Q: 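Just dropping this structure here.
We count ligands from 1, going down the list as the structure has it; atoms in each ligand are counted the same way. All of these numbers come straight from a predicted model, not from anything done at the bench.
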Amino acid sequence: MFSPSYFRELFQPNYCEKRIWLNANCPELAVKDIEFIEMVQEKGLSVEKAHVQTVGPIEEPEYPEGDMSSGFEETLRLINSKTPTIYQGVLISGDGKFTAIPDLLIINPKTNKYKIQEIKLATNVDNHPEIEYGVGLSKIIAEEILGYPPITEIVTGDGNLISPFNVPDKPDILVIINKINELENLEQEPIEPVGWSKCKECQYCDYCYGRAWDNRSICTISGIEKGMVRALWENGVNNWDEIINLGKDELYGVKFQHGSQIQRIGPTRGDKIFKQTECLVNGSFEKKSDLILPNGYQKGNRPIVIFDIENAVFDEFELYVDVYIWGLMTIVSGNKKEQNTVITPSGDQGDKEGWVQFLSTMNRIFETYGDIPIVHFSSHETTKINNYIDLYGDKGNIAKRVKENMWDLYRGILDTLILPVPSYGLKQVEKFVGFKRSQEEYGGSWSLVKYNQYLQAPDAETSNKILDEIKTYNAEDLLATYAVYTWLEENIC
Ligand code: SF4
């Protein structure tokens, strides 16, 4: 039976039709981050539990696990007896094709009508079409059973009620359901351009992106758009070598769909794509210009600070913090390094306390070494510093001084280099410069899971052990950034 969870497969982490086919036909290819999934489920349950406790007495249908028909019968009994609040009732459409388990069915004593209330972990449900379609499907089935369209509501992870929560119209929902059913039943895997930013969070990334990279697919050329890929495919250009064979002039003239318009790739975009492809084919980098190091530094000048933060990319984990690692490493001289990382403490005031500790650490570094370059990778750190200044202020103008000394290594690379990498993110660039990590598991969600474990550690010994792991993880990020910096000094200055 079709249930709301199918919409998630289509829309998250981003819209992809191929994922539906893979889930239905080759689920064994998925690489799942089990610890992260469990953490999300656990957080979801605690949000649900906290809200359910506020709605008064509830009744939950009792039925043997997995026996949806019995669950539906029991739910019907509760509905017919006008049970005020039904928790996790089972709904099945008359034709037996659709099912849904809305979190709450709540009766309005004035109208004697039920409404649907879903509890979501997300604190911001904008841009979550899977939630809209999922609640919409519950509404369609409930309307059939109740004889009227119930009001739909959402309670978000931070306890806000969105009422009514507007859902797509029935015909639009049915179009998507039909599409999903068709995709599942396709005989062959659908053709879908991969893309690093699109695929990197997807559980099929190793399979789809890995295969595309091995085949030197044009999809893996950094900067190429999906519409360009489709247009080039239509012209028989599938891999890096075929772009080179096509030649620049032909490439400029290729027309592609860009939003609602048809555009030519043109010389500006065409040159970028062509040069990027040449680097990929040759496996070597191209220097565009000299790199100007920060603070008037010359190659080999020290000290510098390497700065990298980790923040809760999902704002729905009740961690009460945004930035949970303020990663800092001072490179005093060639071999002398000091890790000054601040791990945000637990508690309601932890977020602010983490910021205060970060500023006081930076103040100490300035007092010891003066104004030295603070090297970071991408604009993320600057954005977060600005957010925290707005949130908690900048006592003593330390954050201002931090900002004045910050230098974006990512920008430096984009301005001066073309690299044979699928993306210019740190993880790809560090591999190119030959940096090797000592920890096997790394990634944004790994550190978030660890930080959550640290907050929930039962005793000081466990929490210190986890803290050490987090610091090692963070030190690797900092060392990776430093490795890229020194590589640039050697090769581009
Ligand atoms: S890896 Fe990319 S192409 Fe493959 S299913 Fe995921 S999003 Fe789609």
Side-chain angles (χ1 to χ4, degrees), residues 2-37 40 122 126-134 175-234 237-240 242-243 256-259 273 276-277 280 313-314 421-429 431 441-446 448:
F2 190 99
S3 71
S5 63
Y6 282 74
F7 295 118
R8 186 170 183 83
E9 291 175 11
L10 182 64
F11 289 108
Q12 291 298 335
N14 44 47
Y15 184 89
C16 182
E17 297 181 0
K18 188 179 198 166
R19 191 165 42 240
I20 295 289
W21 189 88
L22 289 170
N23 270 335
N25 296 281
C26 322
E28 71 283 359
L29 295 174
V31 178
K32 294 189 177 166
D33 185 344
I34 302 293
E35 274 194 320
F36 182 69
I37 293 169
V40 174
D126 296 343
N127 304 320
H128 279 281
E130 78 285 1
I131 295 181
E132 292 173 14
Y133 281 97
V175 165
I176 296 288
I177 291 174
N178 284 339
K179 185 182 243 332
I180 290 174
N181 285 332
E182 275 170 26
L183 285 165
E184 282 195 325
N185 293 315
L186 284 178
E187 283 193 7
Q188 288 196 339
E189 186 178 322
I191 294 169
E192 173 92 24
V194 299
W196 183 252
S197 51
K198 170 185 165 185
C199 299
K200 67 179 183 203
E201 305 286 344
C202 176
Q203 55 193 356
Y204 293 102
C205 184
D206 285 0
Y207 169 68
C208 299
Y209 200 89
R211 206 171 49 156
W213 181 257
D214 290 345
N215 292 335
R216 299 156 76 93
S217 162
I218 55 169
C219 304
T220 59
I221 300 168
S222 177
I224 202 160
E225 292 177 25
K226 202 170 161 178
M228 295 176 188
V229 169
R230 290 198 187 278
L232 285 162
W233 280 350
E234 279 165 21
V237 178
N238 297 297
N239 59 43
W240 306 340
E242 285 165 355
I243 291 244
F256 71 103
Q257 187 85 36
H258 181 80
I273 293 168
Q276 182 65 44
T277 312
L280 288 169
V313 269
F314 307 94
V421 289
S423 109
Y424 283 75
L426 177 62
K427 297 284 191 291
Q428 299 299 325
V429 177
K431 262 192 222 160
E441 282 197 77
Y442 62 92
S445 59
W446 181 88
L448 192 56

Q: I'd like to know if Arg230 and Glu225 make a salt bridge, using a cut-off of under 4.0 Å between side-chain N and carboxylate O.
A: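 No.
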
Q: Salt bridge or not between Arg19 and Glu192? Use side-chain N to carboxylate O under 4.0 Å.
A: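 No, Arg19 and Glu192 are not salt-bridged.
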
Q: Ile243 and side chain to side chain contact (heavy atoms under 4.5 Å, CB included): which single residue from Asn238, Leu280, Ile218 fits?
A: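 Answer to the side chain to side chain contact (heavy atoms under 4.5 Å, CB included) test with Ile243 among Asn238, Leu280, Ile218: Ile218.
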
Q: Is there a salt bridge (charged side-chain N to carboxylate O under 4.0 Å, His left out) between Arg8 and Glu130 once you walk through the steps?
A: CA-CA 5 Å; Arg8 186 170 183 83; Glu130 78 285 1; 3.6 Å; yes

Q: Suppose the cut-off is 2.8 Å; which protein N/O/S atoms would you list for atom 8 (Fe) of ligand 1?
A: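 Short answer, with waters excluded from the count: Cys16 SG.
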
Q: For the rings on Trp213 and Trp196, is their centre-to-centre separation under 6.0 Å?
A: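 When the ring centroids of Trp213 and Trp196 are compared, they turn out to be at least 6.0 Å apart.
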
Q: Centres of the Phe11 and Phe7 rings: under 6.0 Å?
A: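 Here the rings of Phe7 and Phe11 have centres that are no less than 6.0 Å from each other.
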
Q: Going by the order shown, which atoms of ligand 1 are within less than 4.0 Å of some heavy atom of Cys205?
A: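 Near Cys205, the atoms of ligand 1 are 1 (S).
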
